[in-house]
Structure formats: C-alpha cells, structure tokens
Amino acid sequence: MFFISVVRQYERAVIFRLGRYTGTRGPGLVIMVPFIDRGVRVDMREFVIEEPKQTSITKDNALVDVDFVVFLQVVDAEAAVINISNFIIAVRNLATTSLRAVIGDMTVEDVLARREEINSRLQAKIAGETVRWGVTVTSIEIREITPQHDIQDAMTQLLTADRTKRAQITESEGQRQSAINVAEGNKQAAILEAEGVRESSILRAEGSRQAQILQAEGFSIGLERIYDVAQGVDSNTMGLQYLEMMKQLGDGQSTKWIIPMDLASVAGNLSSTLAGISGGARSESQDDGSANGES
C-alpha cells in the first residue's frame, strides 16, 4: 500500500524514511509508504517578513525606532529542513540583532541620512549566516526611522541653527562679494581717472612743447629778418637812431643816464657826415654866386 501526494510547482518535498533523509522530490506526484516515509513540504517562493519597530541605541546614545522588512527565499530545501528547525524565526531574530549592531556603530545623523548603507550592511550580515540554512536574503528595506521625541526636538533645533548659520554665511558672502565688486569698481575708476590725468598731462605738455617750438621758430625768423635788415643799415642811420634815443632820454624824467662808450664814435661819424654835407652845400652856394657874378 502506498500513499500518493501531490507537490505543487513552487513546493519541494523532503522525504524521510524511518527518520533518514532519502531525497527531495517534486513537483508532481510523490509516492510514499505509509508509516515508513514522511514528507516535509517546503515553499520555494520568495516571501517577506515584516518586523515591527525595533528600538536601537546609536553610537551617540540616541534612541531610534526602526521599522524594516526582509525579503528571503529558500534555495536548498534539504538544508532548510535539516539544518534549522524554523528558519523564519531564525531569520527574524538574526535581522533584529544585526540591525542593533549596525545602528550601534552609527550616529543618529548617519542613521537618518544613510538608509541604503544600513540596508546593504544588514543584508551582508544576514546573508552570511542564512546560507547554511539553505535560505538567501534577497533584500532588506528600512521603511521608517523614528528618533525619540527629545532627539527630534534637539534635531529640530540643530536644523534651525544650521539653517540660520547657512543664511548668515550666505548673507556675509553676498556682502563680501558686494564689497569686492565695489572695491574693484573704485579701483578701475581710479585707474581710468589716473590714465585720463596722465593722457591729459601728456597732451598739455605736447601742446606746450609745440607752442614753444613755434615761438622759438618765430623768434628765430624775426632775428634773421632783423639781421638781414641790419646788414643794409649804414653808420649814419645808426647815428640818427642814437640821436633819436637821446632825444627820448632828454624828454624823460630821469636825472641819470648810462651812455654806451661807442656813442662818441657814432656821433663823430655822424658829425663828419653832417660837416661834409654842410661843406658841400657851401661849395655849391659859392659856385652859384660866382656864376652869377660873371654873368
């Protein structure tokens, strides 16, 4: 007489004959001998274990409540039945203790900010233990992390202070940048002003130089013309100029004069010239008288 059992597609039957493991069967029809063979059904599908909130202490002695789920699957039905009495309870307890160990190595700020790292570390710790049970942990996901109320209040104050600090830093950075921009503008303005003053000074100096050059050239041309005219002036003309000068001195209010030494020679020449002119005039008069007497 045989006992026929139907094993579903997602199940495996671990068969024991008189308490000794004889093999894993399924899916399909499994024939067993009553009272001699005994089969244990193992679900090979992936399933999830939901853990309630677990209170853990962080590295900085803060209390946090962590709610997480574990996804696992049996990959070896024989090990899941023979090596562990209840792998589900074992995985749950292992996940809880591993979570507390991971949380204990982190500060509360890291716990709140680094969920992915916590998930990875938990999965690595649990997977290393469950492999000998024929179970693999496919994923661990933390659903919620809730600090205690006093920690939440402290964190709220810390966040407020951090936002205030960042606002002050941003404001001071803006003021610093504004001061830099103003100073840079003043610097550029001073440079442009100095450049303008320099260019203006250069232009004024160039204009003054050109004016002096033109004035010197005009003075030189005037001297040349005076020199050319002076070449044609005889001693008589110079004597007359001296006499004119003496006349002007005599009409003035001065009581003392300084007369050049060569004025006497000029006056002598002028006197000789005037005497010659007078003698010539007398000779012409005598000649004219003689002519009139003879006639």
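In what follows, residues are counted from 1 in the order of the sequence shown.
Defined by atom type and a distance below 3.5 Å, a donor-acceptor pair is missing between the side-chain atoms of Glu173 and Gln177. With 3.5 Å as the limit, one finds no donor-acceptor pair spanning the side chains of Gln168 and Thr170. Remark: the Asp60 side chain and the Thr107 side chain contain no N/O donor-acceptor pair separated by less than 3.5 Å. If you check the side chains of Ser200 and Arg204, you find a donor sitting under 3.5 Å from an acceptor. When only modelled atom types and interatomic distance are considered, Glu46 and Thr138 share a side-chain donor-acceptor pair under 3.5 Å.
Annotation: side chain of Thr136 is not in contact with side chain of Thr130 (no heavy-atom distance under 4.5 Å). Looking at heavy atoms from C-beta onward, Ile15 lies out of side-chain contact with Thr24 at the 4.5 angstrom threshold. For the pair Val75 and Val135, the minimum side-chain heavy-atom distance is 4.5 Å or more. Residues Ser56 and Arg100 meet the side-chain proximity criterion, which asks for heavy atoms closer than 4.5 Å. Side-chain contact check for Ser5 versus Met32: some heavy-atom pair is nearer than 4.5 Å. Using a 4.5 Å heavy-atom cutoff, the side chains of Lys125 and Val102 are in contact. Two residues are said to be in side-chain contact when any heavy atoms from C-beta on lie closer than 4.5 Å; Lys59 and Met106 fail this criterion. The shortest side-chain heavy-atom distance between Tyr21 and Ile82 falls under the 4.5 Å cut-off.
Between Glu141 and Ser139 the shortest heavy-atom distance is OE2-OG, 3.3 Å. Contact record, Val137 with Gln123: O-NE2, 3.3 Å, taken as the closest heavy-atom pair. Pairing each heavy atom of Leu99 with each of Gln54, the nearest pair is CD2-CB, 4.2 Å.
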For Ile142 and Asn119: C-alpha separation, side-chain torsions, deciding distance, then whether side chain to side chain contact (heavy atoms under 4.5 Å, CB included) applies.
CA-CA 7 Å; Ile142 294 178; Asn119 294 337; 3.2 Å; yes
Are Asp67 and Arg143 close enough, and set up right, to give a salt bridge (charged side-chain N to carboxylate O under 4.0 Å, His left out), and what steps lead you there?
CA-CA 6 Å; Asp67 182 9; Arg143 293 190 296 189; 3.1 Å; yes
Starting from the C-alpha separation in whole Å, work towards a yes-or-no answer on salt bridge (charged side-chain N to carboxylate O under 4.0 Å, His left out) for Arg121 and Asp105.
CA-CA 11 Å; Arg121 292 177 62 180; Asp105 290 337; 3.5 Å; yes
For Glu51 and Thr96: C-alpha separation, side-chain torsions, deciding distance, then whether side chain to side chain contact (heavy atoms under 4.5 Å, CB included) applies.
CA-CA 8 Å; Glu51 281 297 313; Thr96 302; 3.7 Å; yes
Please evaluate residues Val42 and Val14 with respect to the criterion side chain to side chain contact (heavy atoms under 4.5 Å, CB included), reporting the C-alpha separation (whole Å), side-chain torsions for both, the decisive distance (0.1 Å), and the verdict.
CA-CA 8 Å; Val42 179; Val14 180; 4.1 Å; yes
After noting the C-alpha distance and the side-chain angles of Val74 and Arg45, does the key distance pass the side chain to side chain contact (heavy atoms under 4.5 Å, CB included) rule?
CA-CA 7 Å; Val74 177; Arg45 292 177 295 181; over 6 Å; no
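Just one residue in the list Arg17, Arg25, Arg20 forms a salt bridge (Lys or Arg N to Asp or Glu O under 4.0 Å) with Asp37, and that residue is Arg17.
To the nearest 0.5 Å, atom OG of residue Ser98 and atom CD1 of residue Ile140 are 7.5 Å apart. Atom OG1 of residue Thr58 and atom CG of residue Leu63 lie 7.5 Å apart, to the nearest 0.5 angstrom. Distance check, rounded to the nearest 0.5 Å: CD of Glu171 to CZ of Arg176 gives 14.0 Å. Annotation: the span from Arg209 atom CZ to Leu214 atom CG amounts to 10.0 Å, rounded to 0.5 Å. Note that CG of Asn93 is 12.5 Å distant from CD of Glu129, once rounded to the nearest 0.5 Å. Note that CG of Leu122 is 7.0 Å distant from CZ of Phe68, once rounded to the nearest 0.5 Å.
Gln210 CD: more than 12 foreign heavy atoms inside a 6.0 Å radius. By the 6.0 Å contact criterion, CD on Glu193 is open, its count of non-hydrogen atoms from other residues, nucleotides or ligands being 12 or less. The number of heavy-atom neighbours closer than 6.0 Å to CD of Glu206, taken from other residues, nucleotides and ligands shown, is above 12. Remark: Ile57 CD1 is loosely packed, at most 12 non-hydrogen atoms of other residues, nucleotides or ligands lying under 6.0 Å away.
Side-chain atoms of Gln73 come within 3.5 Å of backbone atoms of Met44 as a donor-acceptor pair (strictly under, hydrogens ignored). Between the side chain of Ser201 and the backbone N or O of Val197, at least one donor-acceptor pair lies under 3.5 Å.
In this structure, Val91 is not a member of the same hydrophobic cluster as Val48, with clusters built from ILVMFWY side-chain heavy atoms closer than 4.5 Å. When the side chains of ILVMFWY residues are joined at heavy-atom separations under 4.5 Å, either directly or via intervening members, Val69 and Ile89 end up in two distinct hydrophobic clusters. Connection of Val70 to Ile88 is established within a shared hydrophobic cluster, with ILVMFWY side chains joined at heavy-atom distances below 4.5 Å, either directly or through further cluster members. When the side chains of ILVMFWY residues are joined at heavy-atom separations under 4.5 Å, either directly or via intervening members, Leu112 and Val64 end up in a single hydrophobic cluster. Val66 and Phe71 fall into different hydrophobic clusters, defined by Ile, Leu, Val, Met, Phe, Trp and Tyr side-chain heavy atoms under 4.5 Å apart, directly or through other members.
Note: Phe47 and Phe87 have tilted aromatic rings, judged against thresholds of 30 and 60 degrees for the angle between ring planes.
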